[in-house]
Amino acid sequence: MPADTFTHQAEEDARNENVLIWVDDGLVPRADAKVSVFDSGFMLGDGVWEGMRLYNGRWAFLDRHMDRLFEAAKAIDLDIGLSRDEVIARLEKTRDANGMQTDAHARLMVTRGVKARPFQHPALSTRGPTFVIVMEHSRPALPRPIRLATVPHIRGLPMSQDPKLNSHSKLNCILACIAAEKAGADEALMLDIHGFVNTTNACNFFIVRRGEVWTSTGDYCMNGITRAAVIEICRREDIPVLEKNYSLVEAYSADEAFLTGSFGAQTPVSEIDGRKIGTGEIGPVTERIRAAYKDMVGA
């Protein structure tokens with residue numbers, strides 16, 4: 001049975017059946033948006049991506065997303081083949097072609113391109129890179145707060161696969177998500193290599209204890225743009241915020257908990273491993289942060 005609630009749940013929108021998708025050099029109908037079976041992203045998860053939200057004609061944190069995209073591409077030695085301005089121009093052409101003004105989500109993907117043969121070596125990618133923008137009308141629609149289950153899959157060391165990379169290789173997180181669903185939860189809570197609370201399989205994670213907002217040290221978590229924005233908001237609003245190691249015991253007894261990500265902004269958490277968090281509903285500190293975030297992005 002499919003999950004009834006998950007963090008990227010959105011309202012059904014019939015307009016998405018007819019959206020135009022950017023593939024390599026131009027726009028194509030959704031039904032015709034295809035890449036080769038020899039593409040590096042399809043074969044090996046060899047690529048990087050960004051997820052962005054559109055609010056009232058403006059992409060939230062566009063400069064930060066472009067910084068992260070180009071830094072990630074450099075880290076994996078991938079030449080995007082476009083300037084920053086050219087990437088933004090393609091993003092805007094896709095938006096304009098689809099008549100999108102607000103409540104839209106874009107997933108921008110770059111892979112190492114089409115391989116001559118189905119093996120790992122980057123030199124076998126003889127055509128590319130492959131550049132795709134998937135854009136949808138997308139309004140988050142969660143029927144209730146998220147339930148988390150702690151899973152054995154961890155956020156690992158940078159020398160294995162740096163969790164700060166928005167890499168196409170997401171199998172570790174997918175396995176964590178499956179484990180959580182098998183446990184009757186909506187999403188997985190993942191620990192770091194030392195056993196401290198880190199992130200969920202898809203989002204960064206925060207708790208609120210006695211008026212203080214806690215999140216992980218950042219050593220093993222995703223380089224979250226919304227995470228950074230929440231920390232900035234807390235400092236600006238004089239809400240005590242700590243990046244620190246903390247345990248499941250401390251998470252279980254939190255007054256509030258929430259997830260952060262470009263899609264859902266701040267998503268409340270109702271329970272962790274069957275323990276109700278606070279009232280089980282969105283808490284006052286989370287509400288305050290959410291209101292400040294809406295002002296920040298112009299939502």
Side-chain angles (χ1 to χ4, degrees), residues 6-8 48-53 55 59-69 71-72 75 105-108 140 142 145-146 148 154-156 158 161-167 170 172-173 176-177 187-192 196-209 212-246 250-251 254 256-269 272 277 282-283 285-299:
F6 49 92
T7 53
H8 293 100
V48 292
W49 60 275
E50 286 294 320
M52 288 168 280
R53 293 291 297 176
Y55 298 102
W59 294 104
F61 308 112
L62 179 60
D63 286 342
R64 300 187 198 187
H65 281 288
M66 291 299 105
D67 287 345
R68 190 169 67 176
L69 175 68
E71 286 170 5
H105 190 81
R107 191 176 183 98
L108 192 159
L142 284 175
I146 292 293
L148 301 180
I154 64 169
R155 292 285 180 173
Q161 183 176 322
D162 195 330
K164 289 182 170 57
L165 279 174
N166 256 359
S167 163
K170 302 296 289 184
N172 184 47
C173 295
C177 184
E187 188 149 324
L189 185 61
M190 301 176 74
L191 309 181
D192 68 21
F196 294 114
V197 174
N198 198 256
T199 73
T200 71
N201 56 275
C203 300
N204 279 302
F205 179 70
F206 288 75
I207 62 171
V208 181
R209 288 175 54 91
E212 292 183 340
V213 175
W214 292 8
T215 192
S216 71
T217 62
D219 292 337
Y220 306 101
C221 75
M222 296 168 285
N223 184 22
I225 290 170
T226 310
R227 175 186 187 270
V230 165
I231 292 170
E232 289 173 22
I233 287 167
C234 289
R235 289 172 178 161
R236 187 186 69 203
E237 300 287 325
D238 294 324
I239 301 170
V241 60
L242 303 172
E243 295 178 84
K244 59 173 287 179
N245 289 323
Y246 62 94
E250 292 166 304
E256 304 173 36
F258 61 92
L259 315 181
T260 63
S262 294
F263 177 83
Q266 296 80 39
T267 302
V269 171
I272 304 171
I277 304 302
I282 188 169
V285 177
T286 309
E287 288 272 29
R288 183 179 170 190
I289 291 168
R290 179 184 273 183
Y293 183 85
K294 287 182 177 178
D295 287 341
M296 179 182 276
V297 300

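Proximity of V269 to I207: side-chain heavy atoms (C-beta onward) are nowhere separated by under 4.5 Å. Under the 4.5 Å side-chain criterion, counting only non-hydrogen atoms from C-beta, F205 is in contact with L148. In this structure the side chain of F206 never reaches within 4.5 angstrom of the side chain of V285, judged on heavy atoms. Proximity of V213 to I289: side-chain heavy atoms (C-beta onward) are separated by under 4.5 Å at one or more points. Proximity of R64 to E50: side-chain heavy atoms (C-beta onward) are nowhere separated by under 4.5 Å. H105 has its side chain out of reach of H8: every pair of non-hydrogen atoms, C-beta onward, lies at least 4.5 Å apart. R236 places a side-chain heavy atom less than 4.5 Å from the side chain of M296. Contact of the S216 side chain with the R155 side chain is not registered, since no non-hydrogen atoms from C-beta on lie closer than 4.5 Å.
Judged purely by atom type and a 3.5 angstrom limit, N172 uses its side chain to pair as donor or acceptor with the backbone of I154.
Atom OG1 in T267 sits 8.5 Å away from atom CD1 in I282 (nearest 0.5 Å). Atoms CG and CG, from N204 and N198 in turn, are 8.0 Å apart once rounded to the nearest 0.5 Å. Put simply, CD1 on I225 and CG on N166 are 8.0 Å apart, with the number rounded to the nearest 0.5 Å. Between the CG atom in L242 and the OG1 atom in T215 there is a gap of 10.5 Å [rounded to 0.5 Å].
W59 meets the ring pair (Phe, Tyr, Trp, His ring centres under 6.0 Å) test with no other residue; sequence neighbours excluded. For R235, there are no side-chain hydrogen bond (donor to acceptor under 3.5 Å, both in side chains) partners at least two apart in sequence or on another chain. Shown here are the side-chain contact (heavy atoms from CB on, under 4.5 Å) partners of C203, two or more places apart in sequence or in another chain: T7, E187, T200, L259. Partners of P140 under the side-chain contact (heavy atoms from CB on, under 4.5 Å) rule, at least two apart in sequence or in another chain, are R53, F263.
Between R209 and A254, the shortest heavy-atom distance links the atoms CG-CA, 3.9 Å. Taking both residues in full, the closest heavy atoms of I233 and A292 are given as CG2-CB, 3.5 Å, listed atom of the first, atom of the second, then distance. Closest approach of A299 and Y55 over heavy atoms only: CB-CD2, 3.5 Å. Minimum interatomic distance between S262 and G51 (heavy atoms only, all atoms of both residues): OG-O, 3.3 Å. Pairing each heavy atom of N201 with each of C177, the nearest pair is ND2-CB, 3.5 Å. What you find for R68 and G224 is that their closest heavy atoms are NH1-CA, 3.9 Å.
Among residues at least two apart or in separate chains, side chain to side chain donor-acceptor pair (under 3.5 Å) pairs with a member in residues 285-299 are E256-T286. Counting only residues at least two apart or on different chains, the side chain to side chain donor-acceptor pair (under 3.5 Å) pairs with a member in residues 218-227 are H194-Y220, T217-D219, R227-E243.
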Checklist line | Trace of the side chain to side chain contact (heavy atoms under 4.5 Å, CB included) decision for W214 with V197 | finding: CA-CA 10 Å; W214 292 8; V197 174; over 6 Å; no
